[in-house]
Amino acid sequence: MKRALFPGSFDPITNGHFDIIKRGIKLFDEVVVAIGINAEKKYMFSLDQRKKFIEDAFKHESKVKVVTYKGLTIDFCKEIDAEFILRGLRNPADFEFEKAIAHTNRKLSKIETVFLLTASKTSFISSSIVRDVIRNNGDYTVLVPESVRLE
């Protein structure tokens, strides 16, 4: 089984993340969306909310699993027998940042990183932009899957 881990904080999941996951399931037998737990970070949404947003977005897709993890991503990959890390690239800055992490992960393990370019229609979206739109009472719904709806 070809299993890929798609790690992130997903605070919240965006249409860009959604697109990468949808395209990833065409390449892999299973995509494990892994929400990293970082006690140092302040999140807008709780871990349970973030997990539910993703689970609801992919409730009809059996090839997507949603989990949480702590520690090094490569250690978690080994724990769940994932041979690949899936990452999305929006721009050259993302590439430079992700390239350094991918090289480090490859040096420390045999886990390959697979990069997918974000679709042009979602390449400008980031979770931080979505959070800013929400904080300022803007229409964030065009930036996120339907599962991310605040009451």
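Keep in mind that this is a model prediction, so the values were computed, not measured. Worth knowing before you read on, the calculation uses all heavy atoms, side chains too, and leaves out hydrogens, waters and symmetry mates.
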| message | Using the side-chain hydrogen bond (donor to acceptor under 3.5 Å, both in side chains) criterion, which residues pair with Thr68? Sequence neighbours excluded. | response | none
| Quick one: hydrophobic cluster around Tyr43, which other residues, with the 4.5 Å side-chain cut-off, linked directly or via members? | none
| task | Kindly compute the distance separating CE (Met1) from CD (Glu30), expressed to the nearest 0.5 Å. | result | 5.0 Å
| field | same_hphob_cluster(Leu72, Val33) at 4.5 Å side-chain heavy-atom cutoff | value | no
| message | Going by side-chain hydrogen bond (donor to acceptor under 3.5 Å, both in side chains), name the residues that satisfy it together with Asn91, two or more places apart in sequence or in a different chain. | response | none
| field | Side chain to side chain, Met44 and Arg135, heavy atoms closer than 4.5 Å | value | yes
| request: Quick one: list whatever passes salt bridge (charged side-chain N to carboxylate O under 4.0 Å, His left out) with Lys52, sequence neighbours left out. | output: Asp56
| request: Using a cut-off of 6.0 Å, state whether more than 12 heavy atoms not belonging to Lys2 lie near its atom NZ. | output: no
| note | side-chain hydrogen bond (donor to acceptor under 3.5 Å, both in side chains) filter on Glu83, not counting sequence neighbours, yields none
| field | Phe10-Phe53 aromatic ring centre distance below 6.0 Å | value | no
| field | salt bridge (charged side-chain N to carboxylate O under 4.0 Å, His left out): pairs with one or both residues in residues 107-124, sequence neighbours excluded | value | Arg106-Glu112
| So, do Ile111 and Asn105 sit near enough that their side-chain heavy atoms are less than 4.5 Å apart? | no
| query | Can you tell if the side chain of Leu86 reaches within under 4.5 Å of the side chain of Ile20, non-hydrogen atoms only? | reply | yes
| query | What pairs of residues pass the salt bridge (charged side-chain N to carboxylate O under 4.0 Å, His left out) test when at least one of them lies in residues 17-26, not counting sequence neighbours? | reply | Asp19-Arg23
| Pairs involving residues 57-80, ordered by first then second residue, that meet ring-ring contact (aromatic ring centres under 6.0 Å, His included) (sequence neighbours left out) | Phe18-Phe58, Tyr69-Phe76
| request: Check side-chain hydrogen bond (donor to acceptor under 3.5 Å, both in side chains) between Asp94 and all other residues, then give those that pass, not counting sequence neighbours. | output: Arg90
| What is the minimum heavy-atom distance between Ile80 and Arg3, and which atoms define it? | O-NH1, 2.7 Å
| field | Note, Ile35 side chain near Ser9 side chain (heavy atom, < 4.5 Å) | value | no
| message | Filter on ring-ring contact (aromatic ring centres under 6.0 Å, His included), then keep only pairs touching residues 80-128, sequence neighbours left out; what's left? | response | Phe28-Phe84
| Which residue pairs pass the salt bridge (charged side-chain N to carboxylate O under 4.0 Å, His left out) test when at least one of the two sits in residues 34-51, sequence neighbours left out? | Lys51-Glu55
| Validation row: Pro12, Arg131 side chains within 4.5 angstrom (heavy atoms) | yes
| message | Working note: Leu27 + Leu116, criterion side chain to side chain contact (heavy atoms under 4.5 Å, CB included); need CA distance, chi angles, decisive distance, verdict. | response | CA-CA 11 Å; Leu27 301 173; Leu116 293 180; 4.0 Å; yes
| How close do Leu108 and Lys78 get, heavy atom to heavy atom, and via which atoms? | O-NZ, 3.9 Å
| field | With Glu96 via salt bridge (charged side-chain N to carboxylate O under 4.0 Å, His left out) - residues at least two apart | value | Lys99
